[in-house]
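One structure is given below, encoded as structure tokens.
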Amino acid sequence: MEVISHPALAHLHATGRHVHPESPERLARLQEHFQFAEGAPATREQIERVHVVRYVHAIDTIAGETWLDADTYAGPTTWEAARLAAGCAIEAVGRGGFALVRPPGHHALASCAMGFCIFNNVAVAARYAQAEHGLARIAIVDFDVHHGNGTEALFRGDSSVLVASLHQWPFWPGSGGPGTSDDTTLNVPLAAGSGNVEYLRAFEDVVEPAVRAF
């Protein structure tokens, strides 16, 4: 599988004097070990298929260091980094590849940042696939330890997109618990410490049949 990234992501959106787990260094180390094709920044139009105009403008016009919420740092290069991250996800759609990017995306909501996430990269890529590749149905499978609440919120009630999330429960951000699934939202809460056996069982017994049926 081809990896899509960009060298600039290893230094943009730096947190300066602030010690932060979502740092350029974590991506720089990965880029040292993978060959990758370079993605291009997403356009404003592509981002605004997912995010409201006033929020996109707010990110574009950040002039100094700020905190968008208690966890999410932003600075003068955040706009450039967030556009590149979303653009690499778009490029991965066309290449059938893997986008190795930062900042991450699955907590970002339509009108605000959350949990280190600025733009919802996978949502931007999904809307691109629909608008520019004509895909009628898309399945997003999220297996981060945290619930992909932003992605769920963006597509909840959209019959063209299935969002499946496997995540630790209970855990931050507190959503995605038992009884929160519907026809196009599949939440698979897992106990802390779940390993290969539990993950394989969840994928084989729950996620894969749901994706095939969709």
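Residue numbers start at 1 and run along the sequence shown.
Closest of all the heavy-atom pairs between N121 and A89 is O-CB, 3.7 Å. When all heavy atoms of R54 and S111 are compared, the closest pair comes out as NH2-CB, 4.3 Å. Contact detail for L27 and S5: the closest heavy-atom pair is CD2-OG, 4.4 Å. Closest approach of R102 and A85 over heavy atoms only: O-CB, 3.7 Å. The minimum heavy-atom distance linking G176 with W169 is given by the pair C-CE3, 4.3 Å. For the residue pair D71 and H20, the shortest heavy atom distance occurs at O-NE2, 2.7 Å.
Ion pairing of R201 with E198 is absent here, as no side-chain N (NZ or NE/NH1/NH2) approaches a carboxylate O to less than 4.0 Å.
Ring planes of Y55 and F119: perpendicular class, angle over 60° (limits at 30 and 60°). Between Y73 and W67, the two ring planes are perpendicular [angle over 60°; tilted spans 30° to 60°].
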N149 vs H107, side-chain hydrogen bond (donor to acceptor under 3.5 Å, both in side chains): CA-CA, chis, key distance, verdict
CA-CA 6 Å; N149 64 300; H107 297 305; 2.6 Å; yes
Residue pair S23, E25: steps toward the side-chain hydrogen bond (donor to acceptor under 3.5 Å, both in side chains) verdict
CA-CA 5 Å; S23 66; E25 290 76 17; 3.2 Å; yes
For a side-chain hydrogen bond (donor to acceptor under 3.5 Å, both in side chains) check, start with the C-alpha distance between E152 and S175, then their side-chain angles and the critical distance, and finish with the verdict.
CA-CA 10 Å; E152 176 185 308; S175 51; over 6 Å; no
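Put simply, the side chain of T180 gets close to the backbone of G177: a donor and an acceptor are under 3.5 Å apart. With hydrogens and angles ignored, the 3.5 Å screen pairs no side-chain donor or acceptor of N187 with any backbone N or O of P189. With H6 contributing its side chain and A8 its backbone, the two residues share a donor-acceptor pair below 3.5 Å. Using a distance-only test at 3.5 Å, with no hydrogens or angles considered, no donor-acceptor pair links the side chain of E80 to the main chain of T77. In this structure, T72 contributes its side chain and F116 its backbone to a donor-acceptor pair below 3.5 Å.
In this structure, the side chains of S194 and Q168 stay at 4.5 Å or more apart for every pair of heavy atoms. Side-chain contact check for V141 versus L166: some heavy-atom pair is nearer than 4.5 Å.
With sequence neighbours excluded, the residues that form a side-chain hydrogen bond (donor to acceptor under 3.5 Å, both in side chains) with D158 are R127, S160. With sequence neighbours excluded, no residue forms a ring-ring contact (aromatic ring centres under 6.0 Å, His included) with F36.
Grouping Ile, Leu, Val, Met, Phe, Trp and Tyr by side-chain contacts under 4.5 Å, direct or through others, puts M114 with L109, W172.
Between atom CD1 of residue I140 and atom OG1 of residue T185 there is a gap of 10.5 Å, rounded to the nearest 0.5 Å. Rounding to the nearest 0.5 Å gives a distance of 5.0 Å between CG of L68 and CD1 of I59. Distance NE2/H146 to OG/S165: 11.0 Å, rounded to 0.5 Å.
Residues N120 and T151 bring a donor and an acceptor atom of their side chains to less than 3.5 Å of each other.
When the options H147, H106, H167 are evaluated for a side-chain hydrogen bond (donor to acceptor under 3.5 Å, both in side chains) with D142, the one that passes is H106.
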